[in-house]
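Take a look at the structure below.
Naming: A, B, ... by sequence-line order, numbering from 1 per chain.
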Amino acid sequence: MLKIYNTLAREKQTFVPMVAGKVSMYVCGMTVYDFCHLGHARVMVVFDMVSRWLRASGLDVIYVRNITDIDDKIIKRARENGEDISVLTQRFIDAMDEDSALLGVLRPDIEPRATEHVLGMIEMISTLIEKSHAYQAENGDVFYAVNSFQNYGKLSGKSLEDLRAGERVEVDTFKRDPMDFVLWKSVKPNEPSWDSPWGKGRPGWHIECSVMGACHLGKHFDIHGGGQDLQFPHHENEIAQSEAANDCTFVNYWMHNGFVRVDDEKMSKSLGNFFTIREVLKKYDAEVVRFFILRAHYRSPLNYSDKHLDDAKQALSRLYTALRGIDVVAKVDKSAASYEAFKTAIDDDFNTPEALAVLFDLANTLNKSGDLAVAAQLKGLANILGLLARSSEDFMQAGSSSSLDVALIEAQIFARSEAKKAKDFAEADRIRKDLLDQGIILEDNSQGTIWRR
RNA sequence: GGCGCGAUAGCAAAGCGGUUAUGCCGCGGCCUGCAAAGCCGUUUAGUCCGGUUCGACUCCGGAUCGCGCCUCCA
């Protein structure tokens, strides 16, 4: 029985899909004006894991993750680059696809782009105006009237009074209420625009997710996810728009993943303390990064540092080492105690740290017994999390293009084995030390010598 | 200022009202030409103060500290 922590209820709840056996899930994806950083990696990996587990549990999942390809920052960046907006966004969509593929993130079923749904947004805004939930202001912008929606604040736990009293709410003279947010921005010089009943312009940010969610999953669906920072105002506003326009509940379960931090501070574009995925992948294997992400519970903060990545690499190596030299096909035995433990862990609000502990127990059993069924189970369960999909040799010998050539390593190993045969252990040790200094670890076993990085 | 979250051993990170989490690191042993890997053993816990209880790291209250949201952000 899967339980999910529902932000809306502020507690873990038993997950009951609207339609038995089917799950509709929407996750807020990227605004594509730059490379993805580790915070984005976390969202992608976490919800990839969620969708994999739902599927492994026998559910029929439709997973939608949007792409925001029109927005202030995109316009600004394109202008700075002297680049066409569509060229810029496509470039970063391609980069995102590369990054996520390396991280073992499966493609969502649908990846709608905001620019493909402008008509739908115009329709929804019209409906909101008809129902007096929105109005066009004197400057031409269309705003959502926050006080027209009774439940405004139910997701984030904020009240309008508190929000208005907040020191940081900007005063916009065109708004009826300082908390009103923009649905449609009237066109400005040199900006892309679409025709609308309110003149040329472009959509505000929040409306796209309300429209794309409804278009692909229906007006009411099961799960909506995203980073914690989207809880307010983005998701709060999505609820306000959708429920006011459609007169029905928008989403049953809201999931929010925690931040990636650097030195105990949120990693973010505005703080400038972010590491891009591709930057990190120059130094660390992508699977190590995935493992690092899944090693913490998805709602907890996750501190990034080289030390933690090194630690993750060591830990993942232990699993791969257990499987070294064992040629088995991953196969999950659902009658095994390990499966029960694994399932119990993940069913408890996706407790991947505990699920990983099950894998380490299996590795220990495997090391002791060499039991092929245990090896198959280890691979099988890990595969559900998108881990241990490669051969151990692939993992352990994977290196960057700049690292030592394989042929050279093997030549050295041969030279060392000759030295060993001649009982010249000083020379053998010298070669081993020499390789170690270049990051190559040699291990002798009954079959000969194996190496890893 | 308003709202919310967290505080676990050297580091990272879970569960649990009483029984070994797990991984990395350290230490001892086995194994090895020596190592490495592995196996066995082992040292380090639960911010502080109260309360509930036969018993609390685990529940309740308070304090302290840290973090997040309230503005674009995954």
To the nearest Å, give me how far apart [atom1] ([X]) and [atom2] ([N]) are.
X	N	atom1	atom2	result
A:Ile75	B:rC72	CD1	C1'	14 Å
A:Leu163	B:rG2	CG	P	14 Å
A:Gln231	B:rG68	CD	C1'	10 Å
A:Asp229	B:rC67	CG	P	17 Å
A:Phe360	B:rA21	CZ	C1'	12 Å
A:Asp444	B:rG33	CG	P	9 Å
A:Phe275	B:rC73	CZ	P	23 Å
A:Arg318	B:rU22	CZ	C1'	10 Å

Item to complete: Any chance you could list the contact pattern along nucleotides 8-18 of chain B? Use B for base contacts, S for sugar-phosphate-only contacts and - for none, protein heavy atoms under 4.0 Å, 5' to 3'.
Response: ---SSSSS---
Discussion item. Are there over 12 heavy-atom neighbours, none belonging to A:Asp437, within less than 6.0 Å of that residue's CG?
Written reply: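 Yes, the 6.0 Å shell around CG holds more than 12 heavy atoms from other groups.
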Just call it for [X]: base, sugar-phosphate, or nothing, with non-hydrogen atoms closer than 4.0 Å on any strand.
X	result
A:Gly227	sugar-phosphate
A:Arg299	nothing
A:Arg261	sugar-phosphate
A:Ala315	sugar-phosphate
A:Val260	base
A:Asn367	sugar-phosphate
A:Gly258	base
A:Asn445	nothing
A:Ser270	base
A:Ile450	nothing
A:Phe232	sugar-phosphate
A:Met44	nothing
A:Arg65	nothing

Of the options [options], whose atoms approach the side-chain atoms of [X] most closely?
X	options	answer
A:Asp361	B:rA74, B:rU22, B:rC25	B:rU22
A:Lys420	B:rG68, B:rG33, B:rC24	B:rG33
A:Asp429	B:rC25, B:rC34, B:rA74	B:rC34
A:Lys73	B:rC73, B:rG2, B:rC24	B:rC73
A:Ala357	B:rG33, B:rC39, B:rA21	B:rA21
A:Asp162	B:rC3, B:rC40, B:rC34	B:rC3

Can you tell me if the side-chain N/O atoms of [X] get under 4.0 Å from OP1 or OP2 in [N]?
X	N	result
A:Arg164	B:rG2	no
A:Lys433	B:rA35	no
A:Lys368	B:rC40	yes
A:Arg432	B:rA35	no
A:Gln228	B:rA74	no

Practice prompt. Give a yes/no verdict on a cation-pi contact between A:Arg299 and A:Tyr5, requiring under 6.0 Å between NZ or CZ and the six-membered ring centre and an angle within 45° of the axis.
Written response: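 That pair qualifies as a cation-pi contact.
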Discussion item. Here's one to test your reading of the geometry: is the NZ or CZ of A:Lys269 within 45 degrees of the ring axis of A:Tyr33 and under 6.0 Å from its centre?
Written reply: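 Because its charged atom sits under 6.0 Å from the ring centre and within 45° of the axis, A:Lys269 does stack over A:Tyr33.
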Pair [X], [Y]: side-chain N/O donor-acceptor within cut-off below 3.5 Å:
X	Y	answer
A:Glu208	A:Asn66	yes
A:Ser305	A:His308	yes
A:Asp94	A:Gln90	yes

Discussion item. Does any part of the side chain of A:Tyr298, heavy atoms only, come nearer than 4.5 Å to the side chain of A:Thr352, both counted from C-beta?
Written reply: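 Heavy-atom side-chain distance check fails, nothing below 4.5 Å.
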Worksheet item: B:rC67 base to A:Lys266 side chain: any donor-acceptor pair below 3.5 Å?
Response: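 No, no donor-acceptor pair under 3.5 Å.
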Sticking with atom [atom1], work out how far [N] lies from [M], rounded to a whole angstrom.
N	M	atom1	result
B:rC65	B:rG29	C1'	43 Å
B:rC16	B:rA12	P	22 Å
B:rA37	B:rC5	C1'	42 Å
B:rG6	B:rA63	C1'	16 Å
B:rA14	B:rC57	C1'	13 Å
B:rA45	B:rG2	C1'	36 Å

Discussion item. Applying the ring pair (Phe, Tyr, Trp, His ring centres under 6.0 Å) criterion to A:His206, which one of A:Phe143, A:Phe181, A:Tyr144 satisfies it?
Written reply: A:Phe181
Is there a donor-acceptor pair closer than 3.5 Å between any side-chain N or O of [X] and the backbone N or O of [Y]?
X	Y	answer
A:Lys313	A:Val288	no
A:Arg324	A:Met396	no
A:Glu236	A:Leu155	yes

Write down the partner of [N] under the Watson-Crick or G-U wobble criteria, each distance required to be under 3.5 Å.
N	answer
B:rG15	none
B:rA45	none
B:rC5	B:rG66

Fill in: Matching residue for A:Arg416 among A:Asp434, A:Asp444, A:Asp429 - test: side-chain hydrogen bond (donor to acceptor under 3.5 Å, both in side chains)
A:Asp444
Hey, what are the protein-to-nucleotides 28-31 of chain B N/O distances that come in under 3.5 Å?
none

Worksheet item: Given A:Tyr320 and A:Glu287, is the side-chain hydrogen bond (donor to acceptor under 3.5 Å, both in side chains) satisfied, shown in steps?
Response: CA-CA 11 Å; A:Tyr320 267 118; A:Glu287 191 174 352; 2.8 Å; yes
Fill in: Exercise: identify the closest heavy-atom pair between A:Ser51 and A:Val61
O-CG2, 4.4 Å
